[in-house]
J.: 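I'd like to ask you about the structure that follows.
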Amino acid sequence: MKYLIVGGVAGGASAAARLRRLDENAEIILFEKGEHISYANCGLPYYIGDVINDRNRLFVQTPISFGNRYDIDVRTLQEVTKINRKKHTIEVQDLKNFKVYEENYDILLLSPGALPIIPDMPGFNGNNIFTLRSVEDCDKIKMKAVDSFSLNSSVTIVGGGFIGLEMAENLRKMNFNVTLIEKSDHILTPTDLPIAATVEQHILDNGVKIMTNTSVVAFDDINDRKKIILDNGTEIISDFVILSIGVRPNSSLAQDAGLEIGNTGGIKVNQYLQTSDEHIFAVGDAIEFPHPITKVPYCNFLAGPANAQARIAAVNMVYPETVKYQGSVSTAIAKIFDLTVACTGLSESTLLHSDIPYETVIVHPAAHATYYPGGSPLSLKLNFSLEDGRIFGAQSVGKQNVDKQIDVISLLLKHNGTIFDLVNSEHSYAPPFGSAKSPVMFAGMVAENIFSHLMNPIHVKTLDQMIDNNEDFFLLDVRELIEYKNGTIKNAVRYSVDELREFLDEIPENKKIVVFCEVGLRGYVASRILMQNGFEKVFNLIGGMRTYRMIGLHNEKP
């Protein structure tokens, strides 16, 4: 059996290795347009920032070591330009010798990856604009950063996603003046506003300038620098620009061969990762596949799913229709200065866009037992179904244990888990590592209280609209006096939760009552007291004052 693989890195190289482990006698040829077949793409920003100072550490395998270990014919600097499905051949351009040749196949695997989105705007094709998708891109950026650095050196990053933020951190640590431009109303659009706002403030505190709700409309060259012109009329002068506005599937080879392409531009595959041609498989950034929750095909540009797909595809190439791919819930994480931010599943904006009814909670527990030194708080946001309690997504930010919370929820999400599974989950516990009630359990408990109608939730955005519209309601702060004096919400009346029963006569029975505390727990206790004493319209502010401060609304000193 002869297998041809187009593209290396997470998808192609992983599939090639798995194929060899399954079939020692097969002929396997891997074609890669670039020089490298297996490198740490996610490590590129850290090499630019000198966190990783040895370039060789980016390479998981060299073409020679990989070829020798797995007895694979590895052909780098070889671009596959055409597929002839009737003849079962591909056309290859040898970029070293400028020769064109054909190679036949029994089974073909496509793993061409993704391409950076390039805007069609004036001045883009000038100097000093970079994208980051490959080692070659990384080398160019690093060389430019070294050559252009001075005390007043500046860089503008267009796009506030994970890669853009990682580049902002690393270049800021190199003492560049960094400006980050994001067209949405907040950075990190896979996350919801409270989580993104926390990261945004932390980035600002570290000296990065952020401009949201604005887009680049043109570039211009000013001597050896770059002028960035924004849609609001602002002009920025930088030594260079890094464009990080997203990627698109590199599916042109498949499209030219007549393979079915989806609405996303990705290659359509079935559950066995087979294309519309039974002899051709595809994996990685170039494919689209239905999301496990929305059931709508989408493209997932993450290394983890690409590796999983590669393993599954290889099995099905050798043993047809053996293993089914279940799809990806887009679990991602990033280190941004001293914070970690992670997410899995669907954000609120995606749920709204998909017309999926949902409820959401946010909690702010400690990363580990509060009495053990060295701890810090984290924020955990959970989106779920009020119909059956199914988990839709989660996001977290903090300095410690963020990855643990999101990984647990991601695993449950992949298996249609519910908020009740979170409540009943079991976690390793000792004071240095966590709390007896883990953040995951705690978020599940709050969600369960809402699901069981033990608490009526109200969210920061809704409360802010009520304040703006001058609605007639009673706003009750149940924190201690010292907390109240440090800042409360406009027009709030304070009775601490411990003294609330003594002042029930002071609370109007005919008004909507909105209760809040610092993070939501005392607010829940207070709302239960009120609800069981005959008050019918009682709502607890989810996430309390901490969430309110995150978003920065009607916070004032009394």
Side-chain angles (χ1 to χ4, degrees), residues 34 41 44-45 47-49 113-190 196 200 203-204 206-250 252 265 285 301 334 336:
N41 193 294
L44 300 180
Y47 172 64
I48 292 170
L115 298 171
I117 294 173
I118 304 299
D120 182 16
M121 63 178 62
F124 178 78
N125 292 323
N127 298 321
N128 301 322
I129 299 181
F130 303 92
T131 58
L132 182 59
R133 283 295 295 174
S134 67
V135 175
E136 290 77 17
D137 294 337
C138 175
D139 289 339
K140 290 175 184 177
I141 295 171
K142 191 170 180 72
M143 185 179 297
K144 180 63 181 178
V146 172
D147 289 348
S148 65
F149 180 72
S150 68
L151 289 177
N152 295 313
S153 296
S154 61
V155 58
T156 296
I157 298 170
V158 183
F162 284 100
I163 297 298
L165 297 190
E166 288 170 350
M167 284 305 307
E169 174 192 358
N170 281 281
L171 289 166
R172 183 69 192 125
K173 286 185 174 180
M174 295 173 71
N175 291 316
F176 277 89
N177 295 311
V178 180
T179 300
L180 184 72
I181 298 170
E182 170 57 51
K183 70 175 182 178
S184 299
D185 64 351
H186 67 272
I187 60 172
L188 283 178
T189 52
E200 186 170 314
I203 294 171
L204 291 169
N206 278 277
V208 175
K209 183 178 180 181
I210 298 176
M211 303 177 72
T212 54
N213 281 315
T214 187
S215 300
V216 177
V217 294
F219 296 98
D220 198 4
D221 291 314
I222 305 293
N223 297 323
D224 195 34
R225 306 184 80 198
K226 206 73 184 177
K227 179 195 285 186
I228 303 99
I229 303 164
L230 306 182
D231 58 1
N232 61 9
T234 302
E235 295 183 354
I236 303 169
I237 307 295
S238 288
D239 290 286
F240 61 101
V241 175
I242 295 176
L243 200 66
S244 183
I245 60 175
V247 295
R248 59 181 177 83
N250 184 9
S252 58
D285 295 351
F301 305 111
I336 312 295

J.: I want to check something: taking the side chain as every heavy atom from C-beta on, are Pro119 and Leu243 in contact at a cut-off of under 4.5 Å?
T.: yes
J.: What heavy-atom pair brings Lys142 and Tyr47 nearest, and what distance separates the two atoms?
T.: NZ-O, 2.8 Å
J.: Does the side chain of Val216 come within less than 4.5 Å of Leu230's, by heavy atoms?
T.: yes
J.: If you look at every heavy atom in Thr131 and Pro116, which pair is closest and at what distance?
T.: OG1-CG, 3.8 Å
J.: Can you pull out every ring-ring contact (aromatic ring centres under 6.0 Å, His included) where at least one residue sits in residues 210-232? Sequence neighbours excluded, please.
T.: none
J.: Nearest 0.5 angstrom please: Ile141 CD1 to Ile242 CD1, how far?
T.: 4.5 Å
J.: How far apart are the closest heavy atoms of Leu171 and Ala145, and which atoms are they?
T.: CD2-CB, 4.4 Å
J.: Find out whether Ile181 and Thr214 are in side-chain contact, i.e. whether some heavy atom of one side chain is under 4.5 Å from a heavy atom of the other.
T.: yes
J.: Can you tell me how far CG of Leu132 sits from CD1 of Ile163, rounded to the nearest 0.5 angstrom?
T.: 6.5 Å
J.: Using the test ring pair (Phe, Tyr, Trp, His ring centres under 6.0 Å), find all partners of Phe162 that sit at least two apart in sequence or belong to another chain.
T.: none
J.: Which value, rounded to the nearest 0.5 Å, describes the distance between Asn152 atom CG and Asp239 atom CG?
T.: 9.0 Å
J.: So do the side chains of Ile48 and Asn170 get within less than 4.5 Å of each other, counting heavy atoms only?
T.: no
J.: Going through the checks in order, is the salt bridge (charged side-chain N to carboxylate O under 4.0 Å, His left out) test met by Asp220 and Lys226?
T.: CA-CA 6 Å; Asp220 198 4; Lys226 206 73 184 177; over 6 Å; no
J.: Suppose we screen for side chain to side chain contact (heavy atoms under 4.5 Å, CB included). Which residues come up paired with Val146, at least two apart in sequence or across chains?
T.: none
J.: Answer yes or no: are there more than 12 heavy-atom neighbours, outside Lys140 itself, under 6.0 Å from its atom NZ?
T.: no
J.: Tell me the closest heavy-atom pair linking Ser238 and Ser154, and the distance in Å.
T.: CA-OG, 3.2 Å
J.: Could you tell me if the side chain of Asp285 sits less than 4.5 Å from the side chain of Arg133, heavy atoms only?
T.: yes
J.: Side chains of Val208 and Leu165: closer than 4.5 Å at any heavy-atom pair?
T.: no
J.: Just how far is it from atom CD1 of Ile187 to atom OG1 of Thr212, taken to the nearest 0.5 Å?
T.: 9.0 Å
J.: Report the residues that fulfil side chain to side chain contact (heavy atoms under 4.5 Å, CB included) with Ser215, sequence neighbours left out, ordered by chain and then residue number.
T.: Lys183, Asp231
J.: Keeping to residues at least two apart or across chains, list the salt bridge (Lys or Arg N to Asp or Glu O under 4.0 Å) pairs with something in residues 154-169.
T.: Glu169-Lys173, Glu169-Lys335
J.: Can you tell me how far CZ of Arg248 sits from CD1 of Ile117, rounded to the nearest 0.5 angstrom?
T.: 8.0 Å
J.: Where is the tightest heavy-atom contact between Gly164 and Ser244, given as atom of each residue plus distance?
T.: N-OG, 3.4 Å
J.: What closest approach, in Å, do Glu182 and Gly161 show between heavy atoms, and which atom pair accounts for it?
T.: OE1-N, 4.4 Å
J.: Mind checking side chain to side chain contact (heavy atoms under 4.5 Å, CB included) for Asp147 and listing every partner two or more places apart, or none if nothing turns up?
T.: Met143
J.: From Lys227 NZ over to Asn128 CG, what is the distance, rounded to the nearest 0.5 angstrom?
T.: 15.0 Å
